[in-house]
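For the numbers below, each heavy atom of this structure counts, side chains included, while hydrogens, waters and symmetry mates do not.
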Amino acid sequence: MPTEYKEAVAKIFKLLDCVKVRLLDFSKIDDKNFNLLTLEYGVILDHYVERYGIEDYETSVKAIERITQFTTCEFVTHAFIVKYQDEMMKQMLAWSKHPHWGVRRLASEGCRPRLPWAMSLPKLKENPAPIIPIMENLKNDPSRFVRLSVANNLNDISKDNPQIVIALAKKWKGQSENIDWVIKHGCRTLLKQGNHEILNLFGLSLNDNISIGDFKILTKRIKMGDSVEFCFNLNNYNTEKTDNKIGIRNLLSENEWRDDEESL
């Protein structure tokens with residue numbers, strides 16, 4: 001690489017031009033193939049920008065926008081948000097309207113207050129207001145990976161500012177099927193905590209006439225990959241016929257879960 005940072009970034013752009021010709025169309029939305037944003041040596045490029053470009057904001061922002069169309073750059077944006085929060089959040093808002101889905105995803109993923117393994121964003125943890133317009137633009141994005149990032153951003157915010165997320169969930173609910181998925185996935189921590197407002201929003205309000213008793217775990221020993229057997233009694237004290245439903249929470253992975261409903 002040239003020792004001059006601007007010259008080095010120009011070399012990176014030429015490299016990406018070659019990649020664009022030889023590989024799949026990185027701009028095409030493919031909700032089943034996130035590998036379109038996993039250039040095998042891409043991590044080297046974004047780390048280079050973070051290490052050598054932190055003092056050259058203008059050049060680095062252009063580099064991030066270009067590189068993230070080939071490999072995700074959210075760890076780099078955290079470093080720049082810490083140093084240039086006002087400027088970077090305006091840039092992220094602009095990126096939320098970018099034609100390339102990878103850049104739009106970065107607009108959300110790159111400012112998540114609690115992004116795992118990334119530099120902390122204490123100011124956005126305290127006041128996530130600059131993030132909200134970005135999520136407003138992206139909540140119904142045509143790319144599932146962008147919507148997933150919005151949901152994860154919501155979940156991050158809910159851990160420090162639950163009322164902001166509750167207000168957004170109430171505002172957004174019912175606008176579209178995709179948006180309903182985003183807010184439900186984004187409220188997963190609040191649902192696990194049994195937040196009454198969120199439970200009511202999703203039709204899972206607490207019912208004093210229903211209780212669980214005699215809960216027992218039948219599996220005595222367990223190791224990774226094993227299953228657990230358990231049993232319990234579900235008591236319904238309603239004296240009249242009702243249309244109550246039980247929501248059974250199945251944890252599939254860190255990023256995806258479903259509800260199975262059974263009539264009671």
Colleague: About how many Å separate SG of Cys73 and CZ of Arg66, when rounded to the nearest 0.5 Å?
Modeller: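 It is 12.5 Å, given to the nearest 0.5 Å.
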
Colleague: Would you please test Arg147 and His185 for side chain to side chain contact (heavy atoms under 4.5 Å, CB included) and show each step?
Modeller: CA-CA 10 Å; Arg147 298 194 303 271; His185 192 58; over 6 Å; no

Colleague: Look up atom CG in Leu191 and atom CD1 in Ile198, then write down how far apart they are to the nearest 0.5 Å.
Modeller: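 If we round to the nearest 0.5 Å, Leu191:CG and Ile198:CD1 are 6.5 Å apart.
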
Colleague: Less than 4.5 Å apart, side chain to side chain, heavy atoms only: is that true for Ile64 and Asp46?
Modeller: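 Ile64 vs Asp46: side chains apart.
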
Colleague: Using the side chain to side chain donor-acceptor pair (under 3.5 Å) criterion, which residues pair with Asn233? Sequence neighbours excluded.
Modeller: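 In terms of side chain to side chain donor-acceptor pair (under 3.5 Å), with neighbours along the sequence ignored, Asn233 is linked to Asp214.
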
Colleague: Give a yes-or-no answer on whether the side chains of Asn152 and Arg114 include a donor-acceptor pair shorter than 3.5 Å.
Modeller: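 The answer is no; no qualifying pair exists.
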
Colleague: What distance separates His98 NE2 from Glu65 CD, expressed to the nearest 0.5 Å?
Modeller: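 CD of Glu65 is found 4.0 Å from NE2 of His98.
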
Colleague: With respect to Ser108, which candidate in Ile131, Leu148, Val150, Asp141 satisfies the side-chain contact (heavy atoms from CB on, under 4.5 Å) definition?
Modeller: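 Testing each of Ile131, Leu148, Val150, Asp141 against Ser108, the sole residue satisfying side-chain contact (heavy atoms from CB on, under 4.5 Å) is Val150.
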
Colleague: Applying side-chain hydrogen bond (donor to acceptor under 3.5 Å, both in side chains) as the test, list every pair that has at least one member in residues 53-62; sequence neighbours left out.
Modeller: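 Sorted result for residues 53-62: Tyr5-Ser60, Lys6-Asp56, Asp56-Thr59.
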
Colleague: Ignoring hydrogens, what is the shortest heavy-atom contact between Ala79 and Glu50? Give both atom names and the distance.
Modeller: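 Closest approach of Ala79 to Glu50: CB-OE2, 3.7 Å.
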
Colleague: Rounded at 0.5 Å granularity, tell me how far CG in Asp156 sits from OG in Ser158.
Modeller: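 Nearest 0.5 Å value for the CG-OG distance: 7.5 Å.
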
Colleague: Would you name the heavy atoms of Ile134 and Met89 that are closest together and state the gap between them?
Modeller: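 Nearest heavy atoms, Ile134 then Met89: CD1-CE, 3.8 Å.
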
Colleague: Side chains of Val61 and Trp95, heavy atoms from C-beta outward: is any pair under 4.5 Å?
Modeller: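 They are in contact (side-chain heavy atoms under 4.5 Å apart), so the answer is yes.
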
Colleague: Do you know which two heavy atoms are closest between Asn137 and Ser96, and how far apart they sit?
Modeller: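 Closest pair (atom of Asn137, atom of Ser96, distance): ND2-OG, 2.9 Å.
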
Colleague: Might you confirm whether atom CD of Glu229 has over 12 heavy atoms from other residues, nucleotides or ligands at distances under 6.0 Å?
Modeller: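 Counting other residues, nucleotides and ligands, CD of Glu229 stays at 12 neighbours or fewer.
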
Colleague: May I ask you to test the Val182-Met135 pair for a side-chain heavy-atom distance under 4.5 Å?
Modeller: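 No; the side chains remain at least 4.5 Å from each other.
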
Colleague: Rounded to the nearest 0.5 Å, what's the gap from CG on Asp180 to CZ on Phe202? Could you check?
Modeller: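 Those atoms lie 7.0 Å apart.
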
Colleague: Mark yes when over 12 heavy atoms from residues, nucleotides or ligands other than Lys159 sit less than 6.0 Å from its NZ; otherwise mark no.
Modeller: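 Yes, the 6.0 Å shell around NZ holds more than 12 heavy atoms from other groups.
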
Colleague: Might you confirm whether atom NZ of Lys90 has over 12 heavy atoms from other residues, nucleotides or ligands at distances under 6.0 Å?
Modeller: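 Count not over threshold, so no.
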
Colleague: Cys187 versus Glu197: any side-chain heavy-atom pair under 4.5 Å?
Modeller: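 Side-chain contact under 4.5 Å: no.
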
Colleague: Are Phe230 and Leu234 connected into the same hydrophobic cluster when the rule is that any two of I, L, V, M, F, W, Y join if their side-chain heavy atoms are below 4.5 Å apart?
Modeller: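 Same cluster: Leu234 reaches Phe230 through Ile, Leu, Val, Met, Phe, Trp or Tyr contacts under 4.5 Å.
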
Colleague: Less than 4.0 Å between a side-chain N and a carboxylate O, is that true for Arg112 and Glu109?
Modeller: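 So Glu109 pairs with Arg112 through a salt bridge.
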
Colleague: About how many Å separate CD1 of Ile212 and CZ of Phe232, when rounded to the nearest 0.5 Å?
Modeller: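 Nearest 0.5 Å value for the CZ-CD1 distance: 5.0 Å.
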
Colleague: So which atom in Met92 and which in Cys111 form the shortest heavy-atom distance, rounded to 0.1 Å?
Modeller: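 Looking at all heavy atoms of both residues, the closest pair is CE-N, 3.6 Å.
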
Colleague: Answer yes or no: are there more than 12 heavy-atom neighbours, outside Glu126 itself, under 6.0 Å from its atom CD?
Modeller: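 12 or below, so no.
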
Colleague: Short question: side chain of Arg104, backbone of Lys97 - any donor-acceptor pair under 3.5 Å?
Modeller: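 Flag not set: sc Arg104 to bb Lys97 has no pair under 3.5 Å.
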
Colleague: Tell me, with the steps shown, if Ile183 and Leu168 meet side chain to side chain contact (heavy atoms under 4.5 Å, CB included).
Modeller: CA-CA 8 Å; Ile183 60 175; Leu168 284 174; over 6 Å; no

Colleague: Linking I/L/V/M/F/W/Y whenever their side-chain heavy atoms sit closer than 4.5 Å, directly or via other members, would Leu218 and Phe215 fall into one cluster?
Modeller: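 Result: no, two separate clusters.
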
Colleague: Ignoring hydrogens and angles, tell me if any N or O in the side chain of His78 forms a donor-acceptor pair with the backbone of Gly110 under 3.5 Å.
Modeller: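 Yes, the answer is positive, given that a donor and an acceptor are paired below the 3.5 Å cut-off.
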
Colleague: Show, in sequence, the C-alpha distance, side-chain angles and deciding distance for Ile12 and Ile67, and conclude whether the side chain to side chain contact (heavy atoms under 4.5 Å, CB included) test is met.
Modeller: CA-CA 8 Å; Ile12 290 174; Ile67 293 169; 4.1 Å; yes

Colleague: One pair to check against side chain to side chain contact (heavy atoms under 4.5 Å, CB included): Leu138 and Asn153. What are the steps and the verdict?
Modeller: CA-CA 11 Å; Leu138 298 175; Asn153 209 332; over 6 Å; no

Colleague: Taking the side chain from Gln175 and the backbone from Lys171, do they hold a donor-acceptor pair closer than 3.5 Å?
Modeller: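 Flag set: sc Gln175 to bb Lys171 pair under 3.5 Å.
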
Colleague: Going by the angle between their ring planes, with limits at 30° and 60°, are Tyr84 and Phe80 parallel, tilted or perpendicular?
Modeller: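 Taking Phe80 first and then Tyr84, their aromatic rings lie parallel (interplane angle under 30°).
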
Colleague: Honestly curious: do Ile222 and Met224 fall in one hydrophobic cluster under the side-chain, below-4.5 Å linking rule?
Modeller: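 They do not share one cluster, since no chain of ILVMFWY contacts under 4.5 Å joins Ile222 to Met224.
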
Colleague: Specify the closest pair of heavy atoms between Gly213 and Asn235, including all atoms of both residues, with the distance to one decimal.
Modeller: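 It is N-ND2, 4.0 Å.
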
Colleague: Keeping Lys139 on the side-chain end and Glu136 on the backbone end, is there a donor-acceptor pair under 3.5 Å?
Modeller: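 Yes, the answer is positive, given that a donor and an acceptor are paired below the 3.5 Å cut-off.
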
Colleague: Compare all side-chain heavy atoms of Leu115 with those of Phe75 and state whether any distance is below 4.5 angstrom.
Modeller: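 Yes; the side chains approach each other to less than 4.5 Å.
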
Colleague: Looking at every non-hydrogen atom in both residues, tell me the closest pair between Asn161 and Lys125 and how far apart they are.
Modeller: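 Result for this residue pair: ND2-O, 2.8 Å.
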
Colleague: So do the side chains of Ile81 and Leu124 get within less than 4.5 Å of each other, counting heavy atoms only?
Modeller: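 Yes, their side chains come closer than 4.5 Å.
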
